[in-house]
Engineer: 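Right, I'll just put the structure down here and ask away after.
Computation of the quantities below employed the complete heavy-atom set of this structure, encompassing side-chain atoms and omitting hydrogens, waters and symmetry-equivalent molecules.
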Amino acid sequence: MSNQPITNPLEGAYMSLMRGFRELDLRGPCVPSDLVLTGDHAFPLAMNSKGHVLMAASLYGRGRIVVLGHEGYLTAFPALVENALTWLRGDGSDNLSVGVHKDIKGVADNLSKSSFQATVVGAFSDNREVGVYVTDAYSVGADVKDLVAFLKAGGGVLIAGQAWSWAQQHPKENTLLQFEGNKVSGVAGVYFSDRRGEAECLPVYPQIPSSWMAVVLGKDFEDDLQFLLEGVSDFDLQGGNVASEVMVHGPLAFPIGTTSSGQAFLAGSYYGKGRVIVITHEGLLGRETLAPFWKNALRWLDEGRQGTVGVAQNISLNVLSKSGLKCEKTNFRGDLSVFVTKACITDHMEEIKQFVAEGGGLLIGGHAWYWGQSHPGLNDVTDFPGNKVLNVMGLSLLKKTVSSGLYKAPVPSQAIKDSYHFRHLLHRFASHVCHGAALSKHEEEHLYRLGTECVTYLHMKAHDCPSYKQVVSTLTHIVMKSGMPQVCDSCPVKSPRDHLLLSVGTEVYKVCPDPDALLPYLIKDNPLMPVVYNHRIKINVNTGGGGEWISTGVYLSPGMKTFIAMPAEIVNKNWKIQIGCQTDRLKSGGVLKRAPCVHEQFPVTSEMTQVWNLWGGLIYLVVPPKTKVEGVEAIVQMAVPAPYYKSGVTTDAEWTLLRTSPAPWAELEFENIILTVPSNVIRSLDRPDELATLWDAMMRAIADLAAIPHKFPRKERFVTEVQISHGLMHCGYPIMAHKATGAQLVSVDHIRSKGLWGPIHELGHNQQRRCWEFPPNTTECTCNLWSVYVHEEVLGINRAKAHPNMKLANRKGRAEGYAKGGKKLAGWDMWVALETYMQLQDKFGWDGIKKVFAAYHEMTDFPKDNSGKMNLYAVTFSQTVGMNLSAFFKAWGWPIETATEEKLSNLPPWSDNPMVQYD
């Protein structure tokens, strides 16, 4: 992330090309083509008020190209042509020789007084020593291959023309591929389209122009779908192949196969002069039921060349060879017509992109979900190997999965109207926000999806890519026009439209060139707060218990920026700075009382780091696991003071002032736990030391029952929030709870009179160990042992009072009902399962439970299945208390094995166990 304007190297090219121009008056007899731009390097030079691109430039290989939407512009704007020639001949080149095709001789006449040496030629092949070649879009003919090679090697090409009249004369031809000019310019991602562009007097902007009205789709793809889906009625995704979703985001990309909810698993795209198809699991390339489609797909990719289909070594030939084309196993090579490979490619990536750009076909199969799971912290859209090829082609494999099933193939004529396309719907939504255009029901239904895909797209952070900049500009315009919903507890977000604006506003703030200008449209109520300067944080950590957060006691307001100076010894050691404690990510959809993600992290890669967060938040230092650092300091340049109490450090006098600090979140750090609560609930907390004493006692009791030392290897954290990802509370680091719980956590009177069943339940979850857990049966059960123990042993609250389900009558009723119901383990869960442990506790006391947990600490080898673990537990408990409990556990329906019974046969049986009465 950066709060500075993005410096795009193409901006310098734009400024060179448009030097000296304040406007371009295109009004007159020339009716230009609207140009379609794709890839990473194509950028507009002139864009009219409707978003039509009438002039553009791009890079390819080591060369450069400028494309004008009408050949008349070559003579109408001699100064522009000279700018173009200067840029096209490349930086540092002294080659002033320019070849001009004879059909546009007027260009050479205009250059007669310039420093360029123009030569009129009948074809490019007449003089290949030129630095730049100028031609109209109709005269490339036999020079196509040579011109592409010239461009790739570092030459410059200026080409001009329009394709709309050609398209009218060739209604059955594919303009993108067959129009002469596109056979050259298309390689660099600039296409003459069959649409007329409106000629206007255009202002020349100081930066590359962009508009939300710019072309969203360069083609309707109906003819492509008709070819690809001939004889195909459905797509068989049944079975064990879990496919990824593919995001279709390029103007020349289109979905082919989708689920009923619109997730694409099969898509195609034009790229340069070639084509690509992606299927989101490589196993589907060999599926017999998809053979009719693969036959069509390979022929579509081959484009009638009848060339060789090269199939990578790790892909089966059987099904693909039924296409009728010659298929052979081979590594990538340039003389193929089509190359078939898996998405996890790492070799020849640039060569493959050039292969497609110059006319080759690419069939790529693979998923990104497993890669995403095995590479936490990396961005699947930008870091997954296959996406480094696919992204520029307008397609991206995601770690989201697609459900298996049999999916109907679309009807080509309807698919264009009904299918979801990221850019099309974004354009429609922009029109809705900016001009009040009504959205169809179908479009409204996809707004949730659009919001999610906008966030995914923005995560590319491809700031040097003009098409990315175009989307950022569009989203910024939308947010500034509509504002972002001011989401809160009393003003929740419910509609798909507001969901989209909330998601987009949050993410576009991170990537737009001027976030400070955008901030007032995102956060309407952002009062100034008093600040402290050069706030010092002492760092003494030993993270043997896993990574942890260091509280700083200071806060940043929404959008507020500060610098943090970090000690040199922790730079580039995987430390992070985190703004915000609410790290729960909410799913989009439904009712939202806050944005889905409200925290930010910044890697510590230098001694000075600037940090901020749209939503503000407490500042933390995030320490990686297995890290020991002592006696160093971090310094926060400027921040808002927060109420922060630390046992043994904060004095009574300091707390009297600190509890009035203006930040909305407060933290209380005790011996083994840190509580993060709304500041309003601690304003009247006079004796934090008494609260600390109580929490210290409860946390030591938790350690006692778990048979671990009183000093936790990592302090637990409890964070309250207006909305959390699931449940009333959930465990983890931090434990998350709803805002209302905050007042209970910091009230000694409440804790001692009412108890804290839920919070202790979550702390119990954090003590559960896989070796003595039998999920899913005991997941919500054994954690309650800590709730019962703490309430009785520390708070003096009897279990029956601590929770109504612990009343004796309820306990007996559950045991009896379970026994009479057949003792089926499917019903042995939560409160029913807890009764098993309570019966053991009634007989052997808490000391028996503690000794069992202690025994497990001495073990190293555990069964992985529930049956094995249950038998181990029966043996361990029996041997710990010196009594054969196999009959007791069998009475509860446990799968006790004969070997277990034999192992315990020398111990006295528990003959009067509570379950005997139900035999």
Engineer: Where do Arg423 and Glu453 land on the salt bridge (charged side-chain N to carboxylate O under 4.0 Å, His left out) test, with the steps shown first?
Structural biologist: CA-CA 10 Å; Arg423 282 185 183 264; Glu453 290 203 351; over 6 Å; no
Engineer: Counting only N and O atoms by type, is there a donor-acceptor contact under 3.5 Å from the side chain of Gln162 to the main-chain atoms of Ser165?
Structural biologist: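 Here the side-chain-to-backbone pair exists.
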Engineer: CE of Met15: more than 12 outside heavy atoms within 6.0 angstrom?
Structural biologist: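 Check fails, neighbour count at 12 or below.
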Engineer: Using only atom types and a distance under 3.5 Å, with no angle test, would you say the side chain of Asp34 pairs donor to acceptor with the backbone of Val53?
Structural biologist: yes
Engineer: Measure the shortest side-chain to side-chain distance between Leu362 and Thr341 over non-hydrogen atoms and say whether it is less than 4.5 angstrom.
Structural biologist: yes
Engineer: Count the heavy atoms of every other residue, nucleotide or ligand shown that sit under 6.0 Å from CD of Glu129, and state whether that count exceeds 12.
Structural biologist: no
Engineer: To the nearest 0.5 Å, tell me how far Ser413 OG sits from Leu225 CG.
Structural biologist: 10.0 Å
Engineer: Does the side chain of Val134 come within less than 4.5 Å of Ile159's, by heavy atoms?
Structural biologist: no
Engineer: Evaluate the side-chain contact (heavy atoms from CB on, under 4.5 Å) criterion for residues Arg333 and Phe339: first the C-alpha distance (whole Å), next the side-chain angles of each, then the deciding distance (0.1 Å), finally the verdict.
Structural biologist: CA-CA 8 Å; Arg333 61 177 203 263; Phe339 183 54; over 6 Å; no
Engineer: Please round to the nearest 0.5 Å and tell me the distance separating atom OG of Ser211 and atom NE2 of His477.
Structural biologist: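 Rounded to the nearest 0.5 Å, the OG-NE2 separation comes out at 7.5 Å.
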Engineer: Any heavy-atom pair between the side chains of Asn95 and Val130 that's under 4.5 Å?
Structural biologist: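 With C-beta onward as the side chain, the pair stays apart.
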Engineer: Return the CZ to CG distance between Phe293 and Leu228, rounded to the nearest 0.5 Å.
Structural biologist: 5.0 Å
Engineer: Using only atom types and a distance under 3.5 Å, with no angle test, would you say the side chain of Ser139 pairs donor to acceptor with the backbone of Thr135?
Structural biologist: no
Engineer: Quick check against the 3.5 Å criterion: does Tyr191 have a side-chain atom that pairs as donor or acceptor with the backbone of Gly272?
Structural biologist: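 Answer holds: yes.
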Engineer: Using a 3.5 Å distance criterion without hydrogens, assess whether the side chain of Asn387 forms a donor-acceptor pair with backbone atoms of Thr382.
Structural biologist: no
Engineer: Which donor-acceptor pairs under 3.5 Å do side chains of residues 58-67 form with protein atoms, sequence neighbours excluded?
Structural biologist:
{"residue": "Ser58", "atom": "OG", "partner": "Ala42", "partner atom": "N", "Å": "3.4"}
{"residue": "Ser58", "atom": "OG", "partner": "Ala188", "partner atom": "O", "Å": "2.6"}
{"residue": "Tyr60", "atom": "OH", "partner": "Glu358", "partner atom": "OE2", "Å": "2.6"}
{"residue": "Arg62", "atom": "NH1", "partner": "Ala153", "partner atom": "O", "Å": "3.3"}
{"residue": "Arg62", "atom": "NH2", "partner": "Ala153", "partner atom": "O", "Å": "3.0"}
{"residue": "Arg64", "atom": "NH1", "partner": "Trp87", "partner atom": "O", "Å": "2.7"}
{"residue": "Arg64", "atom": "NH2", "partner": "Asp91", "partner atom": "OD2", "Å": "3.1"}

Engineer: Is there side-chain contact between Leu24 and Met55, with at least one heavy-atom pair below 4.5 Å?
Structural biologist: yes
Engineer: Whether Arg275 engages the ring of Trp300 as a cation-pi pair (distance to the six-membered ring centre under 6.0 angstrom, angle to the ring normal within 45°) should be assessed.
Structural biologist: yes
Engineer: Answer with yes or no after comparing the ring centroid distance for Trp212 and His435 against a 6.0 Å cut-off, counting only values under it.
Structural biologist: yes
Engineer: Could you walk me through whether Lys105 and Val100 pass the side-chain contact (heavy atoms from CB on, under 4.5 Å) test, one step at a time?
Structural biologist: CA-CA 7 Å; Lys105 180 179 177 295; Val100 179; 5.9 Å; no
Engineer: Let me see the working for Ile279 and Trp294 under side-chain contact (heavy atoms from CB on, under 4.5 Å), right down to the final yes or no.
Structural biologist: CA-CA 10 Å; Ile279 182 76; Trp294 294 132; 3.7 Å; yes
Engineer: For the residue pair Val204 and Arg22, establish whether any side-chain heavy-atom pair is separated by less than 4.5 Å.
Structural biologist: no
Engineer: Report yes or no: does Asp136 contribute a side-chain atom to a donor-acceptor pair with the main-chain N or O of Gly161 at less than 3.5 Å?
Structural biologist: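 Not at all, since once roles are kept as given, no pair shorter than 3.5 Å links the two residues.
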Engineer: Under a 4.0 Å threshold between the charged nitrogen and the carboxylate oxygen, would Asp224 count as salt-bridged to Lys219?
Structural biologist: yes
Engineer: Is the Phe150 to Phe124 ring centre distance short of 6.0 Å?
Structural biologist: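 Yes, they do, as the ring centres are separated by less than 6.0 Å.
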Engineer: In Å and rounded to the nearest 0.5 Å, what is the NE2 to NE2 distance from His427 to His421?
Structural biologist: 13.0 Å
Engineer: May I ask you to check whether Phe355 and Phe332 place their ring centres under 6.0 Å from each other?
Structural biologist: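 Centroid separation for Phe332 and Phe355: below 6.0 Å.
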Engineer: Could you check whether any side-chain heavy atom of Phe384 comes within less than 4.5 Å of a side-chain heavy atom of Val381, counting everything from C-beta outward?
Structural biologist: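 Result no, sub-4.5 Å side-chain heavy-atom pair not found.
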Engineer: For Leu390 and Ile364, run side-chain contact (heavy atoms from CB on, under 4.5 Å): C-alpha distance rounded to whole Å, both residues' side-chain angles, the deciding distance at 0.1 Å, then the answer.
Structural biologist: CA-CA 9 Å; Leu390 289 170; Ile364 190 165; 3.8 Å; yes
Engineer: Can you tell me if CD on Gln226 sees more than 12 non-hydrogen neighbours from other groups inside 6.0 Å?
Structural biologist: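 Yes, the 6.0 Å shell around CD holds more than 12 heavy atoms from other groups.
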Engineer: Would you give the length of the straight line joining atom CG of Leu475 to atom SG of Cys454, rounded to the nearest 0.5 angstrom?
Structural biologist: 4.5 Å
Engineer: Out of Phe254, Tyr457, Tyr468, Tyr420, which one pairs with His249 under the ring-ring contact (aromatic ring centres under 6.0 Å, His included) rule?
Structural biologist: Tyr457
Engineer: Take a 6.0 Å sphere around OH of Tyr205 and say whether it holds more than 12 heavy atoms from other residues, nucleotides or ligands.
Structural biologist: no
Engineer: Quick one: does any side-chain atom of Ser193 pair with a main-chain N or O of Arg195 as donor and acceptor, under 3.5 Å?
Structural biologist: yes
Engineer: Are side-chain heavy atoms of Leu26 and Tyr73 found at a separation under 4.5 Å?
Structural biologist: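 In short, these two side chains touch, coming nearer than 4.5 Å.
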Engineer: Measuring from Glu198:CD to Ser49:OG, what's the distance to the nearest 0.5 Å?
Structural biologist: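 Spacing of CD (Glu198) from OG (Ser49) equals 7.0 Å.
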Engineer: I'd like to know if the side chain of Asn48 reaches the main chain of Gly51, judged simply by a donor and an acceptor atom lying under 3.5 Å from each other, with no hydrogens or angles considered.
Structural biologist: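 Flag set: sc Asn48 to bb Gly51 pair under 3.5 Å.
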Engineer: Under the criterion side chain to side chain donor-acceptor pair (under 3.5 Å), I'd like the reasoning laid out for Thr86 against Arg89: C-alpha separation, chi angles, the key distance, then a yes or no.
Structural biologist: CA-CA 6 Å; Thr86 301; Arg89 69 190 179 100; 5.1 Å; no
Engineer: Check whether more than 12 heavy atoms from other residues, nucleotides or ligands sit under 6.0 Å from atom NZ of Lys273, and answer yes or no.
Structural biologist: yes
Engineer: Would a distance-only check, ignoring hydrogens and angles, find a side-chain to backbone donor-acceptor pair under 3.5 Å from His101 to Gly122?
Structural biologist: yes
Engineer: From the options Leu425, Ile478, Leu439, select the one residue that forms a side-chain contact (heavy atoms from CB on, under 4.5 Å) with His432.
Structural biologist: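 Among Leu425, Ile478, Leu439, the one that satisfies the side-chain contact (heavy atoms from CB on, under 4.5 Å) with His432 is Leu439.
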Engineer: Can Glu328 and Lys326 be counted as an ion pair, charged N to O under 4.0 angstrom?
Structural biologist: yes
Engineer: Do the side chain of Arg428 and the main chain of Glu443 share a donor and acceptor less than 3.5 angstrom apart?
Structural biologist: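 Flag not set: sc Arg428 to bb Glu443 has no pair under 3.5 Å.
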Engineer: Would you mind reporting whether Thr308 and Asp335 have side-chain heavy atoms less than 4.5 Å apart?
Structural biologist: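 Side chain of Asp335 against side chain of Thr308, heavy atoms only: no contact under 4.5 Å found.
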Engineer: Taking the six-membered ring for Trp, are Tyr14 and Phe43 closer than 6.0 Å centroid to centroid?
Structural biologist: no
Engineer: Report yes or no: do His170 and Glu173 form a side-chain donor-acceptor pair below 3.5 Å?
Structural biologist: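 Looking only at side-chain atoms, Glu173 and His170 do not form any donor-acceptor pair under 3.5 Å.
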